[in-house]
Colleague: 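Below are the structure tokens for one structure; questions will follow.
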Number of protein chains: 2
Amino acid sequence: MVSGMAGLRERKKEQTRRRIAEVALRLFAERDFAAVTMTEIADAAEVSRATLFSYYPTKESLVLADVGAEDLAAVVTARPAGSTPLAALRGYYRDLAAGPIAELDREATVTRLGVIFASPALSAAANSLLYRQRERLAAALAEEYGERVAAIVAAEVTAAVLTIQERYFRRLVDGADPVAAGRGLADDVTLAFDLVERGVAGA
Amino acid sequence: MVSGMAGLRERKKEQTRRRIAEVALRLFAERDFAAVTMTEIADAAEVSRATLFSYYPTKESLVLADVGAEDLAAVVTARPAGSTPLAALRGYYRDLAAGPIAELDREATVTRLGVIFASPALSAAANSLLYRQRERLAAALAEEYGERVAAIVAAEVTAAVLTIQERYFRRLVDGADPVAAGRGLADDVTLAFDLVERGVAGA
DNA sequence: GTCGAAAAACAAACCCAGTCCAATTTTCTG
DNA sequence: CAGAAAATTGGACTGGGTTTGTTTTTCGAC
């Protein structure tokens, strides 16, 4: 079985997986995250409850499955020789702001983020996804900065990045023009890394 | 009814409240947070399940009830005229490291923190407590730095502070001498605020 | 002390997320 | 087509958290 060949099995699974997530998101947007039960989602997606849980192990993962898939530690360890870790992270987010994020379907993105921001449980879950990233980033940074500084810098970077993402999404949800919001995001990335590198005094 | 007069009612409630938390912490330390049920805790504390939940609305709150009670936003708004917000925060944590934290009962502190660190659910809950602090700190900082910078700086500060607290507690749990750990904490506070103020380049 | 009101504690039924398992159906492979 | 492997299913179960109506305890006034 060649990987990527995608037999009927794989295709149907992928299809079901997407259908479930879409149905769930629609329900969460209509009512509220807390007000929708897993049983309702299973019914609406026409799968059994057990199957639903086999695709998405938690209710939160229905919304956050592909969030936080990024790997900051890898960005650092795979950076070109001669560049600093912070320069590599800065470049990573600059590219992200210019490309992938700007090209997302605006409607869907706004819906999803509206749901996340409206639910304390989801916000908290998104938050703890980043928490694990932090630990791995700290390990990757330790070589360059030493363990002590690395721990703090990793915390600063992940927190700052979360904040500017929130700001970006908040603008979108509030109805800002996507292009302008994208520019704002790029500016925020610059500011955030300037702050980390040179501090409040120097930025 | 004068506040602080503490009639029998209040005293008994306070007593029950403490007994419940102590019993719960002991059970969590013996086994694991996830392995202890609320029913067991109620039985061991000799109250009904309903009463248990009326004292502590969630399982996490049994451990985290008095964590995160600090108010960083107030530290900033109540700072002496002429000082910067960051100087005020730095001073607040310097004093904390020198005084209150150093004087906690070591045994109890270590037990509690061992429980928190051993449980992903508790770590995540502690994390989201700080998340709310962040938003209020950002609002307090906005006057001085503008909204954009304030949001990022607030994120950096809260994340950095959490990190150095974790480092301190980790040292304690690992059996470090409390006095030495306290000195390490004070050093970390200095480093963290140096990083925020002057950046990686300048610290 | 006693009475009535307020507060606290209680038991029991209930909801929902998440787990487990054994039985069944669907897909793949030879 | 046969049989193995994977996916789906129903259903029972655990445990956190809520709700409701009842009983017990405390309190303040007399």
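Convention: sequence-line order gives letters A, B, ...; per-chain numbering from 1.
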Colleague: If the threshold is 4.0 Å, N to carboxylate O, is there a salt bridge linking Arg171(B) and Asp188(B)?
Modeller: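 Salt bridge: yes.
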Colleague: In whole Å, I'd like the distance from the NZ atom of Lys12(B) to the C1' atom of dA7(C).
Modeller: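 Atom NZ in Lys12(B) sits about 12 Å away from atom C1' in dA7(C).
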Colleague: Going by an N to O cut-off under 4.0 Å, is there a salt bridge joining Glu30(B) and Arg26(B)?
Modeller: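 The answer is yes: the pair qualifies as a salt bridge.
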Colleague: Any residue in residues 31-47 of chain B with a heavy atom nearer than 4.0 angstrom to DNA chain D? Just list them by number, or reply none.
Modeller: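 When residues 31-47 of chain B is checked for heavy atoms under 4.0 Å from DNA chain D, the hits, listed by number, are Val36(B), Thr37(B), Met38(B).
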Colleague: Figure out the NZ/P separation between Lys59(A) and dT19(C), and round it to whole Å.
Modeller: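 Distance check: Lys59(A) NZ to dT19(C) P gives 15 Å.
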Colleague: Please name all residues satisfying ring-ring contact (aromatic ring centres under 6.0 Å, His included) with Phe33(B), sequence neighbours left out, ordered by chain then number.
Modeller: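 Once residues adjacent in sequence are excluded, the partners of Phe33(B) under the ring-ring contact (aromatic ring centres under 6.0 Å, His included) criterion are Phe28(B).
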Colleague: More than 12 heavy atoms of other residues, nucleotides or ligands under 6.0 Å from CZ of Arg31(B): yes or no?
Modeller: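 Counting other residues, nucleotides and ligands, CZ of Arg31(B) exceeds 12 neighbours.
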Colleague: Starting from C1' on dG16(D), measure out to CG on Leu62(B) and report it in whole angstrom.
Modeller: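 Leu62(B) atom CG is separated from dG16(D) atom C1' by 12 Å.
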Colleague: Just wondering, more than 12 heavy atoms not from Glu143(B) lying within 6.0 Å of its CD?
Modeller: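 Open.
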Colleague: To the nearest Å, give me how far apart NZ (Lys13(A)) and C1' (dA5(D)) are.
Modeller: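 In whole Å, dA5(D) C1' and Lys13(A) NZ are 12 Å from each other.
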Colleague: Short of 4.0 Å, heavy atom to strand atom, which residues of residues 48-58 of chain A count as contacting DNA chain C?
Modeller: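 Residues of residues 48-58 of chain A that come under 4.0 Å of DNA chain C are, in numerical order, Arg49(A), Phe53(A), Pro57(A), Thr58(A).
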Colleague: Taking only residues two or more places apart in sequence, or in another chain, which ones meet Val196(B) in a side-chain contact (heavy atoms from CB on, under 4.5 Å)?
Modeller: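 Glu156(A), Val200(A), Leu86(B), Val153(B), Glu156(B), Val157(B).
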Colleague: Side chain of Thr39(A), backbone of Arg49(A): donor and acceptor closer than 3.5 Å?
Modeller: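 No; zero donor-acceptor contacts below 3.5 Å.
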Colleague: Kindly indicate whether a cation-pi arrangement holds for Arg17(B) with Tyr56(B), taking the cut-offs as under 6.0 Å to the six-membered ring centre and within 45° of the axis.
Modeller: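 Yes, Arg17(B) and Tyr56(B) form such a contact.
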Colleague: Specify the residues of residues 112-124 of chain A, ordered by number, for which at least one heavy atom lies under 4.0 angstrom from an atom of DNA chain D.
Modeller: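 Output list: empty, so none.
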Colleague: With a 3.5 Å cut-off and sequence neighbours excluded, list the donor-acceptor pairs that the side chains of residues 172-182 of chain B form with protein atoms.
Modeller:
{"from": "Asp177(B)", "atom 1": "OD2", "to": "Ala180(B)", "atom 2": "N", "distance (Å)": "3.1"}

Colleague: Given the ring of Phe53(A), does Lys59(A) sit roughly above its face, with NZ or CZ under 6.0 Å from the centre of the six-membered ring and within 45° of the axis?
Modeller: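 No, Lys59(A) does not sit over the ring of Phe53(A).
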